Undergrad: 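Next up is a structure, given as structure tokens.
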Amino acid sequence: MYKTLIRPILFQFDPEKVHHFTFGMISFLNKIPGVSALIRSIYQVNNPKLEREVFGLKFNNPVGLAAGLDKDAKIYNELNNFGFGFIEIGTITPKPQDGNPKKRLFRLKEDKGIINRMGFNNSGVQVAVERLKKNKGVLIGGNIGKNKVTPNDRAVEDYKICFNALYDYVDYFVVNVSSPNTPNLRELQDKEPLTELLSTLQTLNQQKSKTKPILLKIAPDLTNEQLMDIIDIVQDTKIAGVIATNTTISREGLQSTNQKETGGLSGQPLKKRSTEVIRFLHEKSNGAFPIIGVGGIHTAEDALEKLNAGASLVQVYTGFIYEGPKLVKDINKAILKTCQNK
């Protein structure tokens, strides 16, 4: 029904306007008595064999929603009804910011992709905190970044502000230095500044009553040499793991007319490269740390491919938009089937 009826209608309109409309509808429908329970009955797959313990956290299933969809933690409780094992909010910055000028979100229908140059548009960390106080048991990841106006030599302070503010309200943190849509942000992926940033956050983490997992989200555009640096940094700073990968600046093999738009490309064109990065990190590190695999997951088989390459968990975003909420159920059922066949 989603792909044959709902999606064709939604795809007639501006993607960002559709995003806000869809959020409004999901929020409205879940306020109707019985609707939340109905959605859960349709989409959730509950089975102990789906449970995973990764970086000290227990996940009901290994399929999460990637950062970027619910940036401001507006409807994470409602989205969780669709069967996710965890929801990642953000990217959150210390101060509110509008992001880049519109139009900044583009569908690539022929390629089953999306290009975005949103620019960390969000309402700021304090607004997110107030919304997270209403959490009804959802396992939450907090994806944090720096404000656009903050120079790179002071970026650490922005990450510290977000870490401290969100600490009581998220289960794990994700350090985002890999978005292509904030000027010079990716320079923080270089070995020296990245080591300093992660070490500072780990020091802050260890001063808390209980440490929380810190993950690093990396770009798919890194070279093998840079990926080897990432392995060294993860092991040196003792962070919990890596999310592979963010959006790409590559435009190789695209068919859509929107391919020339600047920004980060997500969706099916990213599938092959993100899996390559997962496999490289897993093999070269000898499985030394968990990896959350994300990028181009549009089918259950795509998710299994990521898991077989070395990912402990997976996340969807663009595939969720193109394929609909049934994708989460399909992935969980496929994972369950592989468990039963072992």
Side-chain angles (χ1 to χ4, degrees), residues 7 10-19 66-69 71 91 99-121 143 145 148 174 176-190 216-227 229-230 242-281 291-299 301-303 305-306 309 311 314-323 327:
R7 189 182 74 183
L10 294 178
F11 274 28
Q12 295 300 311
F13 301 96
D14 175 77
E16 194 166 348
K17 290 179 181 176
V18 168
H19 172 85
L69 194 70
K71 287 176 180 287
T91 296
N100 293 321
K102 299 176 182 178
K103 187 176 180 182
R104 54 192 181 181
L105 191 61
F106 306 88
R107 298 186 194 97
L108 282 70
K109 295 178 188 177
E110 296 87 347
D111 302 294
K112 286 194 171 181
I114 290 174
I115 290 175
N116 92 83
R117 49 172 182 264
M118 304 301 287
F120 288 176
N121 57 308
N143 188 303
K148 182 178 180 179
V174 180
N176 187 356
V177 290
S178 51
S179 169
N181 301 318
T182 296
N184 306 318
L185 181 72
R186 284 190 171 191
E187 291 175 7
L188 295 175
Q189 288 184 124
D190 293 344
L216 172 68
K217 190 164 188 175
I218 64 170
D221 309 305
L222 299 177
T223 64
N224 286 349
E225 183 181 358
Q226 289 172 313
L227 290 174
D229 283 344
I230 294 295
V242 168
I243 297 186
T245 62
N246 211 321
T247 57
T248 181
I249 55 174
S250 170
R251 298 294 186 264
E252 185 179 353
L254 295 181
Q255 306 297 318
S256 305
T257 53
N258 282 333
Q259 64 179 277
K260 294 181 181 179
E261 296 291 345
T262 59
L265 170 67
S266 62
Q268 211 162 65
L270 184 56
K271 181 178 76 168
K272 181 173 180 286
R273 178 56 186 163
S274 64
T275 303
E276 287 173 352
V277 171
I278 292 163
R279 183 172 287 111
F280 184 95
L281 291 174
I291 300 167
I292 299 180
V294 56
I297 297 176
H298 284 246
T299 66
E301 291 72 25
D302 295 340
E305 184 180 273
K306 296 272 192 286
V314 294
Q315 290 178 324
V316 297
Y317 178 165
T318 303
F320 186 65
I321 292 168
Y322 272 88
E323 310 303 328
L327 175 63

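Fair warning: this is a prediction, and the values are worked out from it, not measured in the lab. Numbers here simply count residues along the sequence, with the first being 1.
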Undergrad: Compare all side-chain heavy atoms of I291 with those of V277 and state whether any distance is below 4.5 angstrom.
TA: no
Undergrad: Can a donor-acceptor pair be found, under 3.5 Å and without considering hydrogens, that links the side chain of R107 to the backbone of N258?
TA: no
Undergrad: Is any side-chain N of the basic residue among K102 and D14 closer than 4.0 Å to the acidic one's carboxylate O?
TA: no
Undergrad: Can you tell me if D111 uses its side chain to pair, donor with acceptor, with the backbone of P269 under 3.5 Å?
TA: no
Undergrad: Salt bridge check: are E261 and K103 linked by an N-O gap of less than 4.0 Å?
TA: no
Undergrad: Applying side chain to side chain donor-acceptor pair (under 3.5 Å) between D221 and each of T247, T248, T245, report the one that passes.
TA: T248
Undergrad: Within the side chain of Q189, is there an N or O that forms a donor-acceptor pair under 3.5 Å with the backbone of A219?
TA: yes
Undergrad: Under a 4.0 Å N-O cut-off, is there an ion pair linking E276 with R279?
TA: no
Undergrad: For T318, is there any backbone N or O sitting under 3.5 Å from a side-chain donor or acceptor partner on K112?
TA: no
Undergrad: Step by step, would you call I249 with R186 a side chain to side chain contact (heavy atoms under 4.5 Å, CB included)?
TA: CA-CA 12 Å; I249 55 174; R186 284 190 171 191; 4.1 Å; yes
Undergrad: Are L281 and L227 packed together at the side-chain level, in the sense that at least one heavy-atom pair is separated by less than 4.5 angstrom?
TA: yes
Undergrad: Is there a donor-acceptor pair under 3.5 Å between the side chain of S256 and the backbone N or O of Q259?
TA: no
Undergrad: Quick one: does any side-chain atom of S178 pair with a main-chain N or O of K217 as donor and acceptor, under 3.5 Å?
TA: yes
Undergrad: L222 and D229: side chain to side chain contact (heavy atoms under 4.5 Å, CB included), yes or no, with the steps?
TA: CA-CA 10 Å; L222 299 177; D229 283 344; over 6 Å; no
Undergrad: Quick check: do S266 and Y317 have side-chain heavy atoms less than 4.5 Å from each other?
TA: no
Undergrad: Measure the shortest side-chain to side-chain distance between I218 and Q226 over non-hydrogen atoms and say whether it is less than 4.5 angstrom.
TA: no
Undergrad: Treating R7 as the side-chain partner and Y322 as the backbone partner, does any N or O pair qualify as donor plus acceptor under 3.5 Å?
TA: yes
Undergrad: Counting C-beta onward and ignoring hydrogens, is there a side-chain heavy-atom pair between K271 and K306 closer than 4.5 Å?
TA: yes
Undergrad: We want to know whether T182 and K148 form a side-chain donor-acceptor pair, criterion being a heavy-atom distance below 3.5 angstrom.
TA: no
